Amino acid sequence: MGALPGAAAEPVRAAVTFALAIYLFGLALCVIGNTSSGASLLVRTIKGKIFTPFLAPAWLDLGFDYPFTYGLPEDADHVLEVAPFGDPAKRLRFPGDMAGERARRWRRLARAITETGGDPDRTARVAAGVAAAMFDAFGPDVRLRVLRRARADVGGVDPGRLDEAFAARVREIDGDVQLIRDEPAGAVAPVVVPRRDPAGGTEPRP
Amino acid sequence: MSGPAARAPAPDDRGLGDVWMRFWFEPTDPRPLALVRILVGLLGLALLWSWQGDLGRWCGPEGLVTPASAAAWVSRGDGAWLAVVDAALGPRGVWAIAVASFAALVVGAGGTVVAVTAACSLSLLLHRAPMLAGPADDCLVILTWCTAVAPATRAPSLDRVLAGRGRVASAVIAPPAPSWRARLATGLLQVHASVIALAAAIAQLKGDVWWDGTAAWWLAARAESRVVDLTSAYAGSTYLMNLVTHAIPAFEAAFAVGLWASAVRPAIARLGLVAWPAVGVLVGEPFWGLAMAVFAVPFTGLAWGAAASPSHPVTRRAGAA
């Protein structure tokens, strides 16, 4: 093949073959290790230690797992809402009336605030960064919410409702940014213990 | 065995090493990749335009996405070098370089250097705000790196016109010399197209809604991000909803496998030119659909696309020589 016009010289082919073999192995590990399929710790470790350092800077450390929907609430459209604390009337919502890919990027940013990815600090950093950028406009005490647009059940009608997925107060005190996240309702709900039925002597089913 | 009945081994029978060499290194016509280069440039400009209105608000000095939160989001590698890029160019500078590079790809100016610059600047921009990146961005990066591998500007391009002292007709019509880099880039496009399609299909099949036939509804019920509202049609016909749901991963899997069967490769690639944009619209990611259609271009067998095939006359003539 080396005699063909436009063919690569033998040393070039050897070098490219070596690079291809490494890259294709790394690609396979990235696809396996970056999905949420529960890839083994060994795969993730090998990928992280050997391939991530040279694939990640080139934006090639990708899993390509694009389910687009699992029918879950977190697959819904997300809306970012920021307002001065205690003054919801002045709220701003993104993407608002934007359209196209620009609006999709805003929705991804809003969704990112609700996704911990196993690391709650990551969510807090993103949320604090977003809110702190609004201090100039709203003062050093803002309320940040991420809302999910409720979807109709199969065959049903759009409920036109926004559900709260994340809410926090973010304020600046002595130069530090504090994020105080709203407690989920379930965390403060009373625990109900059913009383023993005196007649039957049996406990009702919880 | 050395008698007249013995036949010379066919090229395809010479073992894995030869198959590897033919797949990755057999010189082919670079013109199909020129078409890919032009489409990648246009797609890149379209996606970069979506950053234009909010780039300062997202990535500016007082932007919503701080370098710290960007670094925390991408757990792969440290983000220290982001601060260096931020200080040196700023997001606006990186964005401007990316726009110029993708515009140069459209006209075919600057050769490999421009393609590498386009891929690097796009990667930098995505690293600066990784949570804003979507499937189309991922695929565009892959396409741009493949374009950088190809000698795409050797085919119809401004570079070729200038090298031919302004003879536009000969630059467009005359076939360029076959190149092993064209075959390498085509092979990389084939591998990545197949991997992306298969990974998407597998990711979908992990969810019950893709099995029970309702995924199409949940995609269409997203009132803001859907491209077309098909909820009325789905509500009126469960069969249609089920058909659309099952057709998407079925096509993705067929595309991933079909690219490797020479008998059906042109057919599945041509189907991809239509089906991928349609899938993109149905799932609410139209640019992802367009990017996947670009992956299919070299394998269609249409016009210049035929030259990517090892059985094409250009390649055969080169082989005979």
Side-chain angles (χ1 to χ4, degrees), chain A residues 1 4-8 13 16-17 20 24 27 31 35-37 48 52-53 56-71 75-77 95 98 100-109 112 117 119 121-122 125-126 128-130 132-133 136 149 151-152 154-156 158, chain B residues 20-21 24-27 47 50 53-54 62-66 68-69 72-74 76-77 119 122-123 126-127 131-132 134-135 138 141 145 177-180 184 191 195-196 199-200 203-204 206-209 214-215 217-219 221-225 231 235 283-285 287-288 318-319 321:
Chain A
M1 192 184 302
L4 295 180
R13 276 187 290 173
V16 173
T17 292
L20 270 175
L24 293 178
L27 174 68
V31 171
T35 63
S36 53
S37 62
T52 294
W59 203 260
L60 294 172
D61 188 2
L62 303 167
F64 307 113
D65 51 337
Y66 307 135
F68 299 111
T69 187
Y70 284 141
D75 298 334
D77 290 330
M98 296 174 203
E101 194 64 22
R102 182 184 181 191
R104 276 183 210 99
R105 295 196 193 283
W106 276 106
R107 285 189 206 103
R108 288 183 199 123
L109 177 61
D119 178 10
D121 283 351
R122 190 175 80 164
R125 275 180 196 270
V126 177
V130 168
D136 281 347
R149 189 167 293 283
R151 293 167 299 174
V154 176
D158 186 352
Chain B
W20 173 275
M21 288 298 172
W24 291 110
F25 297 107
E26 188 169 68
L47 284 172
S50 68
D54 295 305
E62 303 295 328
L64 302 176
V65 182
T66 63
S69 61
W73 188 260
V74 184
R76 31 202 191 210
L122 182 62
S123 302
L126 296 176
H127 273 290
M131 62 286 286
L132 306 183
D138 294 347
V141 171
W145 281 117
S179 162
W180 68 273
L184 180 63
V191 168
V195 165
I196 295 169
Q204 285 153 15
K206 283 190 288 183
D208 289 341
V209 293
T214 59
W217 172 269
W218 295 112
L219 291 166
R222 294 192 292 202
E224 292 185 2
S225 61
T231 49
V283 303
E285 289 285 352
F287 283 105
W288 178 71

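Throughout, a chain's letter reflects where its sequence line sits, starting with A, and its residues are numbered from 1. Remember, it's a predicted structure, so these values are computed and weren't measured experimentally.
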Separation between CG (A/Leu62) and CD1 (B/Ile196), nearest 0.5 Å, reads 8.0 Å
How close do A/Ala133 and B/Gly63 get, heavy atom to heavy atom, and via which atoms? CB-O, 3.5 Å
Decide yes or no for A/Trp59 and B/Leu122: does some side-chain heavy atom of the first lie under 4.5 Å from some side-chain heavy atom of the second? no
Between B/Trp218 and A/Val154, does a side chain to side chain contact (heavy atoms under 4.5 Å, CB included) hold up when you go through it step by step? CA-CA 8 Å; B/Trp218 295 112; A/Val154 176; 4.0 Å; yes
Taking all non-hydrogen atoms of both residues, which atom of B/Ala235 and which atom of A/Gly155 are closest, and how far apart? CB-CA, 4.2 Å
Non-hydrogen atoms of chain A under 4.5 Å away: do they reach the side chain of B/Thr214, the backbone, both or neither? side chain
With heavy-atom distances below 4.5 Å as the criterion, would you say the side chains of B/Trp24 and A/Arg13 are in contact? no
B/Leu47 versus chain A, heavy atoms under 4.5 Å apart: side chain, backbone, both or neither? both
Which pair of non-hydrogen atoms, one from B/Ala215 and one from A/Thr69, has the smallest distance, and what is that distance? O-CG2, 3.8 Å
How long is the span from the CZ atom in B/Arg222 to the CZ atom in A/Arg149, to the nearest 0.5 Å? 13.5 Å
If you tally heavy-atom pairs under 4.5 Å between each of A/Ala76, A/Gly71, A/Ala58, A/Pro95 and chain B, the highest tally belongs to A/Ala58
With a 4.5 Å heavy-atom cut-off, do B/Val195 and A/Phe64 have their side chains touching? yes
With heavy-atom distances below 4.5 Å as the criterion, would you say the side chains of B/Trp180 and A/Val16 are in contact? yes
Can you tell which of B/Thr66, B/Leu219, B/Thr231 has the highest number of heavy-atom pairs within less than 4.5 Å of chain A? B/Leu219
Within a radius of less than 6.0 Å around CG of A/Asp158, do more than 12 heavy atoms belonging to other residues, nucleotides or ligands occur? yes
Looking at every heavy atom in both B/Met131 and A/Ala112, which two are closest together, and how far apart are they? CB-CB, 3.7 Å
Regarding B/Ser50 and A/Arg105, is there a side-chain donor-to-acceptor distance under 3.5 Å anywhere? yes
Go through B/Ala200, B/Ala119, B/Ala68 and name the one with the most non-hydrogen pairs under 4.5 angstrom from chain A. B/Ala200
With chain B, which of A/Asp77, A/Val130, A/Asp136 has the greatest number of heavy-atom pairs at distances under 4.5 Å? A/Asp77
For chain A, which of B/Val209, B/Asp54, B/Val141 has the most heavy-atom pairs under 4.5 Å? B/Asp54
To the nearest 0.5 Å, what is the distance between CG on B/Asp138 and CG on A/Leu60? 10.0 Å
Heavy-atom pairs under 4.5 Å with chain A: which of B/Ala223, B/Ala221, B/Ser225 has the most? B/Ser225
Which region of B/Trp217, side chain (C-beta onward) or backbone (N, CA, C, O), has a non-hydrogen atom less than 4.5 Å from a non-hydrogen atom of chain A, or is it both or neither? side chain
With salt bridge (Lys or Arg N to Asp or Glu O under 4.0 Å) as the criterion, how do A/Arg108 and B/Glu285 come out once you've worked through the C-alpha distance, each side chain's angles and the decisive distance to 0.1 Å? CA-CA 12 Å; A/Arg108 288 183 199 123; B/Glu285 289 285 352; 3.4 Å; yes
Of the non-hydrogen atoms in B/Ala199 and A/Val31, which two are nearest, and what is the gap between them? CB-CG1, 4.2 Å
